[in-house]
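Reading through the structure tokens given below for one structure.
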Amino acid sequence: MYKAYYSLARTPFSKDLRPSEAFPSTDYEGVQQALSYLQKTRGIGLLVGEAGAGKTFALRSFKESLNTSLYHVVYFPLSTGGVMDFYRGLAYGLGEEPKFRKGDLFRQIQQGIERMAEERKLTPIFILDEMHMAKDAFLQDIALLFNFKMDSTNPFVLILSGLPHLKTRLKLNHHRPLSQRLIVNYEFQPLSREEVTAYIEHHLKVAGAKMPIFTDTAIEAIASRSQGWPRVINNLTINSLLYGFQLKKEHIDEEVVRLAIEAGGLS
Ligand SMILES: Nc1ncnc2c1ncn2[C@@H]1O[C@H](COP(=O)(O)OP(=O)(O)OP(=O)(O)O)[C@@H](O)[C@H]1O
Ligand SMILES: [Mg+2]
């Protein structure tokens with residue numbers, strides 16, 4: 001296996017990477033700061049970025065940083081089920097038995113949030129991922145659902161996350177009620193050229209690498225091909241390790257990366 005060949009103790013870029021093992025990119029740190037600000041102010045925040053930019057990973061790190069005796073996190077990726085399933089999921093997440101009709105369910109969610117804040121002294125934090133998939137009517141519902149006591153208090157934190165066109169959509173007139181209430185509005189940028197190098201080295205070190213495996217030109221090729229998006233970097237680096245091992249290359253050079261790009265259908 002390539003792991004033994006390159007003296008790696010574990011699989012690099014594994015899905016179970018701990019927050020303490022995160023690469024501290026400008027945006028990773030920026031998002032953590034923006035979310036901890038939102039945690040203090042409460043209310044609604046938006047986090048957008050291209051596919052594989054690191055949104056879900058950053059949200060998971062934020063979630064794991066929270067004190068569970070003060071915050072109750074309800075994480076919901078929108079890809080599962082329809083809109084009513086989603087509202088039922090929010091009610092369940094608040095420990096309620098979901099009501100049948102939408103109007104009742106709405107009131108139940110609002111009361112559930114208030115009860116949690118007032119009686120249990122817990123701030124619910126809703127993390128709604130993959131929100132670019134939400135229909136317009138649903139985004140409009142959210143503005144109503146998370147409207148408390150004439151907006152004078154926010155007993156909750158709501159984080160909406162998704163691809164960049166979610167931000168574009170929220171700029172449209174009919175989404176003003178929601179977009180005007182955004183306290184935090186963060187967009188991931190790709191990793192810089194220097195960050196790509198540091199990112200790859202970081203992941204390989206976390207996996208146990210003792211010495212450099214990639215040549216500078218190989219990293220340059222990955223940086224330019226990936227345009228700085230983490231998931232593409234992950235895939236290219238892993239494919240390069242597989243090819244490097246097959247070809248018995250002690251160091252992975254540009255040629256190996258080129259093969260990895262072609263093999264991964266990424267060319
Ligand atoms: N700061 C970081 N440190 C270490 N690894 C990271 C970091 N940011 C992203 N990654 C890596 O990039 C991968 C993709 O990130 P993630 O799944 O969070 O992207 P995403 O923006 O949610 O993408 P999508 O829009 O497709 O859901 C993660 O599995 C992780 O390996
Ligand atoms: Mg994601």
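Counting starts at 1 for both ligands and their atoms, in listed order. Because the structure is predicted, anything quoted here is derived from the model rather than measured.
Inter-residue side-chain proximity for S25 and Y199 is flagged as unmet; no heavy-atom pair is nearer than 4.5 Å. H132 is not listed as a side-chain neighbour of L78, based on a closest heavy-atom distance of 4.5 Å or more. Within the 4.5 Å cutoff, side-chain heavy atoms of L158 are placed close to those of I142.
Every atom of ligand 1 is numbered from 1 in the order shown, and the set under 4.0 Å from a heavy atom of E50 is 21 (O). Remark: ligand 1 atoms within the under-4.0 Å shell around heavy atoms of L17 are 4 (C), 5 (N).
The closest protein non-hydrogen atom to atom 1 (N) of ligand 1 is F23 O, 2.9 Å. At the shortest separation from atom 22 (O) of ligand 1 among protein heavy atoms lies T56 OG1, 2.8 Å. Scanning all protein heavy atoms for the shortest distance to atom 23 (O) of ligand 1 gives G52 N, 2.8 Å. Looking only at protein heavy atoms, the nearest one to atom 26 (O) of ligand 1 is R231 NH1, 3.0 Å. The single protein non-hydrogen atom nearest to atom 2 (C) of ligand 1 is F57 CE2, 3.5 Å, given as residue, atom name and distance. Protein heavy atom in closest approach to atom 5 (N) of ligand 1: H203 NE2, 3.0 Å. Summary of contacts: the protein heavy atom closest to atom 13 (C) of ligand 1 is N234 ND2, 3.6 Å. The single protein non-hydrogen atom nearest to atom 9 (C) of ligand 1 is G54 CA, 3.6 Å, given as residue, atom name and distance.
Using a non-hydrogen distance threshold of 4.0 Å, A53 registers as a contact of ligand 1. In this structure, H202 does not count as a contact residue of ligand 1, since none of its heavy atoms falls inside 4.0 Å of the ligand. Within the structure, the closest approach of E130 to ligand 1 falls below 4.0 Å when heavy atoms are considered.
Here the two rings, on Y6 and F245, have centers that are 6.0 Å apart or farther. The distance between the ring centers of F146 and F156 falls below 6.0 angstrom.
Of the options F13, F188, W229, Y199, the smallest heavy-atom separation from atom 6 (C) of ligand 1 is shown by Y199. When E29, K55, H132 are checked for heavy-atom proximity to atom 20 (P) of ligand 1, K55 turns out nearest.
No side-chain donor from either of D253 and T215 sits under 3.5 Å from a side-chain acceptor of the other. With hydrogens and angles left out, the side-chain atoms of E130 and S161 include no donor and acceptor closer than 3.5 Å.
Taking backbone and side-chain atoms together, S161 has no N/O/S atom less than 2.8 Å away from the Mg ion (ligand 2).
Between the CD1 atom of I252 and the OG1 atom of T217 there is a distance of 11.5 Å, given to the nearest 0.5 Å. Distance check: K55 NZ to Y28 OH gives 15.5 Å after rounding to the nearest 0.5 Å.
Relative to the ring axis of Y87, K102 does not place its NZ or CZ within 45° and under 6.0 Å from the centre.
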